[in-house]
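To start, the structure under review is shown below, and the notes come after it.
Just so it is clear, the values below take in all heavy atoms, side chains as well, and ignore hydrogens, waters and symmetry mates.
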Amino acid sequence: MDYLKGLNDRQKEAVLHGEGPLLILAGAGSGKTRVLTHRIAYLIEERGIFPGNILAITFTNKAANEMKERVAHLLDDNVEDIWMGTFHSVCVRILRRDIDKIGYERSFSIYDRDDQITLMKECIKELNLNKDMFNERSLLNVISSLKDKMTPPDSYINQNYGDYYYRNVGELYALYEKKLKQNNALDFDDLIIKTIELFNKSPQVLDYYQKKFKYIFVDEFQDTNKSQYELVRLLSQWYKNLCVVGDDDQSIYGWRGADITNILNFEKDFPNTKIIKLEQNYRSTKNILEVANHVIKNNYDRKDKRLWTENEKGQKVVVEGLSDSDEEAYFVVNKIGELMKEGYKPSDFAVLYRTNAQSRSFEEAFIKNNIPYKIVGGLRFYDRKEIKDIIAYLKLIQNPVDDISLKRIINVPRRGIGNATLEKLEEYAREDGESIYSVLFNIDEIPGLSARAKNSLMKFMNMINKFIAMKEVMGVRDFIEEVIYGVGYIKELEEDGSLEARTRLDNIKEFLSVAVDFEMRNPDGSLEDFLANISLLSDIDKTEDVDNSVTLLTVHSAKGLEFPVVFLVGMEEGLFPISRALESESELEEERRLCYVAITRAEKLLYITYAKLRTIYGSTNYTLPSRFIKEIPQDLVTSSVNRKGTNSGQLIRVIDYSSRERSGLETGYKSSVDNSEIKVGSKVNHKKWGLGTVVQTKDRDQDMELVIAFDKVGLKRLLLSIAPIEIVKGE
DNA sequence: GCCCTCTTGTTCGAT
DNA sequence: ACAAGAGGGC
């Protein structure tokens, strides 16, 4: 096996590097994944390293899986023993084994953002603080960064003793931590920090992992925070074979503690670091790369470098000003239509935006024109109420002291345990320092409960007990099914019978198939593993691999990905760069890096668009084109409607992608419904929106405009000729 | 204990 | 624009 075939000299050097710390400064598209996979394969095959002695930390689980596959492909060897995953999943794996050494149960729960908010609300209430003054979200952000810097609550309180607000932030932090512990729960930050704590408190455990991981790799190193850095520093202390890969120009997670000095100071912490720079880009055309270089060079705070490529010059980057977000969406749809005629397929395209809210107009335009698409992030399957409810049941069964989960579902479906009853339980539990579940065992000692409430509580407790016993002997999927039927969730939804209830049932079925999937991949997986697995998925991981569809995603989510054709949309001052960043030079530089990441996702074609009218929060405002557009030299860009030599948004003619042009777009779909068949009252089934009833029709040239009341999404106006609908024959 | 209406914040990005 | 949560009435 030749691991060096097709690699350039720098890449070869990285692959063949022997022992000791290695810092690879890898520009966008410079083939770093290739280097990583080849190096891992080389270590295993040529240097006789056991796969189990390698740890590779990636940014998403998807990246980990892909890397694993690629290594397996190079080796024809079993690579299952390589530890590959995100910081969080690796830490869970370590903690599940030994967290009891720092005073937690191994059945600990992982709290996501929603759980954290619920918990913080309790804290605010318990300290009798004004909830208008103390906002959960911002508190959690402050606390998260304190935890990342490993500042404990008491020292923070001492530092801020004179300040009412910050002292109380410290008190809330202390209480929040206490409650997490009581619930035997860890938040995302804890997964890292508690692993470090475990290593510090138990030298044997640290020693085991230090000697196990002879080679450690960290990808996207520019986006690691302080505690993650500390973690890999500890792990690599023995062998010092730490290889990190990163690019300071692509650091885009400063707001969640990513610390660029981790890269810049790496050499100081690891003496004798070998540094290799990968500056040849294999991804993009010369034009696209030039555009990227011109934008990023406006950043002051960066290591000087300049990516180059041997790729063809390619077409100029198109910059397009549209009148509003709908026109912007239709511009993209039309371009996709044109390019598909030239042979591009839907999966070649990505639409990148700054904020998730921008996805909507694109989604609508894609549906109307029957272009298959998938959205990364946004409306999330796992955020649906019914899914969260079921997960809460499972979390409670796995970890009965998890009060947050218990409170979520103790009365779902309704079983006559209301707030008043719950408060009495909580009160009693708090006095005893016990969990709610555990005080149910002493139900007769709890004051003020009615006989009816007691009865319901007993039933609830017995049910949970039964599940706790069953979980030991059942497979994950069967067990989940048992739970959702057993708790009466399905029954309630079936009796409801509304379309909403049916959708919820569908989602639950979908959840079961997630469990089936999990079981296939992890035949020995426990409920704990399953729950940890789903709570640590990134948006990218959660996005279904729908074949051949356009990808819609934020620039943040697009990190590490590449597409032949990229539409970078919403390039307006105040949106990208986002308004909050305008006042701070460092935040503005992060926005610029984000823009650089966006541009460098493109392989062949790049379209940059902005809308002159933008609606945010329901109010519409005039906008100015993003300063990043102005940083691109004129000779690298073009516009399909722009008159030559204009660079200000004012002079760009607005083209009217009015209904005629929109409906004339050929994307392959022809409505199967005839004019004569459809009338007010007709029941129809829409490809995306499901069942609906026609409530209005209006003739339009040779077409017909329909207003349809959809059961799921409400009123929609669409054109018969292009709407993907079919008539549902009467019952 | 449950349901309805009104208010509020949400959307910068995410494990 | 819209959903979620609070608060009041039954």
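Residue ring and nucleobase are stacked for A:Trp255 and B:dG13, with a centre distance beneath 5.5 angstrom and an angle between planes beneath 30°.
For C:dC2, the OP1/OP2 oxygens have a side-chain nitrogen or oxygen of A:Arg360 closer than 4.0 Å. Applying the 4.0 Å criterion to OP1 and OP2 of B:dC12, one finds that A:Asn356 has every side-chain N and O outside that range. Between A:Thr421 and B:dG1, a side-chain N or O to OP1/OP2 separation shorter than 4.0 Å is present. Under 4.0 angstrom from either OP1 or OP2 of B:dC12 there lies no side-chain N or O belonging to A:Thr554.
One interatomic measurement links the two molecules: CD of A:Glu364 to C1' of C:dC2, which rounds to 14 Å at whole-angstrom precision. When the C1' atom of B:dT15 is taken as reference, atom CD1 of A:Ile252 falls 13 Å away, rounded to whole Å. Nucleotide B:dA14 holds its P atom 15 Å from the CD atom of A:Glu220, rounded to whole Å. Between the C1' atom of B:dC12 and the CG atom of A:Asn141 lies a distance of 11 Å, rounded to the nearest Å. As a whole-Å value, the separation of A:His556 NE2 from B:dG13 P is 9 Å. The distance between atom CG of A:Leu186 and atom C1' of B:dT15, rounded to the nearest whole Å, is 14 Å. The CD1 atom of A:Ile410 sits 11 Å away from the P atom of B:dG1 (whole-angstrom rounding). In this structure, the CD1 atom of A:Ile193 is 18 Å from the P atom of B:dT15, given to the nearest Å.
Applying the side chain to side chain donor-acceptor pair (under 3.5 Å) criterion to A:Arg256, with sequence neighbours excluded, gives no partner residue. When the ring pair (Phe, Tyr, Trp, His ring centres under 6.0 Å) test is applied to A:Phe563, no partner is found at least two apart in sequence or on another chain. Not counting sequence neighbours, the partners of A:Lys388 by the salt bridge (Lys or Arg N to Asp or Glu O under 4.0 Å) test are A:Asp112, A:Asp114.
In terms of position along DNA chain B, the nucleotide closest to A:Arg354 lies nearer the 5' end than the nucleotide closest to the other residue of the pair A:Arg354 and A:Thr60. Checking A:Glu591 against A:Leu536, the closest nucleotide of DNA chain B that is more toward the 5' end is the one next to A:Glu591.
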Only distances under 3.5 Å count here; give the side-chain donor-acceptor pairs of residues 420-428 of chain A to other protein atoms, sequence neighbours excluded, each with its distance to 0.1 Å.
| from | atom 1 | to | atom 2 | distance (Å) |
| --- | --- | --- | --- | --- |
| A:Lys424 | NZ | A:Gly448 | O | 3.1 |
| A:Glu426 | OE2 | A:Lys407 | NZ | 2.8 |
| A:Tyr428 | OH | A:Glu445 | OE1 | 3.3 |

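Relative to the ring axis of A:Phe108, A:Arg96 places its NZ or CZ within 45° and under 6.0 Å from the centre. Remark: A:Lys559 qualifies as a cation-pi partner of A:Phe59 under the 6.0 Å distance and 45° angle criteria applied to the six-membered ring. Under the 6.0 Å distance and 45° angle rule, A:Lys612 does not count as a cation-pi partner of A:Tyr622.
Contact annotation for A:Phe87: no contact, since no heavy-atom pair falls under 4.0 Å across all strands. Residue contacts for A:Thr615: at a heavy-atom cut-off of 4.0 Å it reaches no nucleic acid atom on any strand shown.
Taking the six-membered ring for Trp, A:Tyr165 and A:Phe134 have ring centres closer than 6.0 Å.
With B:dT15, B:dG1, B:dG13 as the candidates, the nucleotide lying closest to the side chain of A:Thr86 is B:dT15.
Salt-bridge annotation for A:Asp249 and A:Arg302: present, with a side-chain N of the basic residue lying under 4.0 Å from a carboxylate O of the acidic one.
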Write out a two-atom table: protein N or O, nucleotide N or O from nucleotides 4-10 of chain C, distance below 3.5 Å.
none

Give every pair of a protein N or O atom and an N or O atom of nucleotides 2-11 of chain B that lie under 3.5 Å apart, one pair per line with the distance.
| from | atom 1 | to | atom 2 | distance (Å) |
| --- | --- | --- | --- | --- |
| B:dC3 | OP2 | A:Arg414 | NH1 | 3.4 |
| B:dT11 | OP2 | A:Arg137 | NH1 | 3.2 |

Quick one: do A:Tyr253 and A:Asn225 satisfy side-chain hydrogen bond (donor to acceptor under 3.5 Å, both in side chains)? Show the steps, please. CA-CA 9 Å; A:Tyr253 282 96; A:Asn225 62 28; over 6 Å; no

